[in-house]
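Taking it in order: structure first as structure tokens, then the write-up.
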Amino acid sequence: MTASAALKDPRRYFEEIGAARTAEAVALPVCLYLEVTNRCNLLCETCPRTFETLEPPADMSWELFTRIVDQVPNIARVVLHGVGEPMLVPALPRMIRYLKDRGTYVLFNTNGTLLQPKRFGTLIETGLDELRVSLDAADQASYLRVRGKDFFDRIVRDVGQFVAYQKATGATTPACRSGSPASRKPSTSCPPSCGWPPRWA
């Protein structure tokens, strides 16, 4: 049995903490949040990066990534995002494969600006379980106010093309979801042009 299969639902791992939990951790974690980069290609009104430089821009090195992951060999779930845009990281596909090889449930949030057709196949082949596209808006005007860039229609198009590519190739993962990290709630609607019924996490 893989690590992620040991959980009833890897998306709700926190519900499986036993009642006997003590103040001191006696068991290894079942979920890791790894910020693979603090770099981003947007300056959103809802992000602290826009208003303050907290640290020099950098990606997590492969050596640091494996050193962390190897300390928890049976980790069930890993989230590969923080304040940065994960798809800017060249080693991201390798990181996902490394985790999937040990049976881990893997997901990350993306702003969707780099989800281009030339990357569809590579992303699917990694075995990624869940791809969350953060729109923070249900229409172009709202998106522009929050993101500061007029990318809404392009992202909706590209995500729709990605899901169509999955259907055409018979790929069942990653599950594509859309939501709002700023409000921690799913977007209230999805444009009909998307052709992509959202499935909320």
Side-chain angles (χ1 to χ4, degrees), residues 1-16 29-37 69 74-82 84-89 91-138 143 151-152 154-201:
M1 179 182 293
T2 64
S4 61
L7 297 177
K8 295 177 183 176
D9 185 347
R11 294 172 300 165
R12 303 190 66 79
Y13 66 96
F14 49 85
E15 293 180 348
E16 303 203 22
V30 296
C31 178
L32 291 177
Y33 278 73
L34 300 179
E35 185 176 61
V36 294
T37 187
V69 171
N74 294 318
I75 192 67
R77 181 181 189 266
V78 174
V79 181
L80 296 175
H81 64 248
E85 169 50 49
M87 293 191 73
L88 286 170
V89 180
L92 182 66
R94 186 183 180 193
M95 291 173 170
I96 297 170
R97 292 189 190 100
Y98 191 78
L99 292 165
K100 291 307 301 177
D101 283 346
R102 60 183 64 203
T104 303
Y105 186 96
V106 185
L107 67 110
F108 67 85
N109 281 6
T110 175
N111 60 33
T113 59
L114 301 175
L115 187 63
Q116 300 152 348
K118 65 183 180 181
R119 306 182 75 169
F120 291 176
T122 299
L123 191 59
I124 290 170
E125 288 164 8
T126 64
L128 180 70
D129 294 285
E130 191 176 335
L131 179 67
R132 297 180 178 179
V133 183
S134 301
L135 284 170
D136 268 342
Y143 182 91
F151 292 154
F152 183 82
R154 192 187 84 185
I155 293 169
V156 169
R157 178 200 67 198
D158 289 347
V159 175
Q161 289 179 349
F162 178 72
V163 173
Y165 181 90
Q166 285 184 291
K167 292 178 180 177
T169 58
T172 57
T173 57
C176 238
R177 308 180 193 279
S178 171
S180 168
S183 65
R184 298 188 179 276
K185 296 179 180 178
S187 301
T188 55
S189 64
C190 187
S193 60
C194 186
W196 160 42
R199 292 172 291 170
W200 311 125

Exercise for the section: Please name the pair of heavy atoms, one in Asn109 and one in Ser134, separated by the smallest distance, quoted to 0.1 Å. Expected result: ND2-OG, 3.8 Å

Problem - Heavy-atom closest contact (Tyr98 atom, Val69 atom, distance) - result: CE2-CG1, 4.0 Å

Handout entry: Partner set under ring-ring contact (aromatic ring centres under 6.0 Å, His included) for Phe151, not counting sequence neighbours
Key = none

Fill in the blank from the handout: Heavy atoms of Leu107 and His81 approach each other most closely as CD1-CE1, 4.3 Å

Fill in the blank from the handout: Shortest non-hydrogen pair, Leu135 vs Ser178, comes out as CD1-OG, 3.6 Å

Exercise for the section: Could you grab the distance from atom CG of Leu114 to atom CG of Leu92, nearest 0.5 Å is fine? Expected result: 10.5 Å

Fill in the blank from the handout: One should read off an interatomic distance between Thr104 OG1 and Leu32 CG, to the nearest 0.5 angstrom, of 8.5 Å

Problem - Spacing of CD1 belonging to Ile96 relative to CG belonging to Leu123, to within rounding of 0.5 Å - result: 6.0 Å

Completion exercise
The complete set of salt bridge (charged side-chain N to carboxylate O under 4.0 Å, His left out) pairs with one or both residues in residues 118-129, sequence neighbours excluded, reads Lys100-Asp129

Problem - Inter- and intrachain pairs under salt bridge (charged side-chain N to carboxylate O under 4.0 Å, His left out), touching residues 154-166, at least two apart - result: none

Exercise for the section: Could you list the residues that satisfy side-chain contact (heavy atoms from CB on, under 4.5 Å) with Ala164, not counting sequence neighbours? Expected result: none

Exercise for the section: Please examine the side chains of Pro174 and Phe108, heavy atoms only from C-beta on, and report whether any two atoms are closer than 4.5 Å. Expected result: no

Practice task
Report the C-alpha separation of Val30 and Arg77 in whole Å, then their side-chain angles, then the decisive distance to 0.1 Å, and conclude whether the side chain to side chain contact (heavy atoms under 4.5 Å, CB included) test is met.
Solution key: CA-CA 6 Å; Val30 296; Arg77 181 181 189 266; over 6 Å; no

Practice task
Examine distances only and state if a side-chain atom of Gln161 and a backbone atom of Pro117 form a donor-acceptor pair shorter than 3.5 Å.
Solution key: no

Exercise for the section: Applying side-chain contact (heavy atoms from CB on, under 4.5 Å), name anything that partners Thr37, two or more places apart in sequence or on another chain. Expected result: Arg39, Asp59, Val89

Handout entry: Candidate pair Leu131 and Cys176, rule side chain to side chain contact (heavy atoms under 4.5 Å, CB included), full reasoning
Key = CA-CA 5 Å; Leu131 179 67; Cys176 238; 4.1 Å; yes

Problem - Residue pair Ala171 / Ile124: nearest heavy atoms and the distance that separates them - result: CB-CG2, 3.7 Å

Exercise for the section: Look at the side chain of Glu85 and the backbone N and O of Thr110, then say whether any donor-acceptor pair between them is shorter than 3.5 Å. Expected result: no

Practice task
Enter the distance from Tyr143:OH to Ile155:CD1 here, rounded to the nearest 0.5 Å.
Solution key: 3.0 Å

Handout entry: Glu130 (side chain) donor-acceptor with Tyr105 (main chain) under 3.5 angstrom
Key = no

Handout entry: Any donor-acceptor N/O pair, Thr126 side chain to Leu128 backbone, under 3.5 Å
Key = yes

Problem - Thr122: partners by side-chain contact (heavy atoms from CB on, under 4.5 Å), with sequence neighbours left out - result: Pro93, Arg97

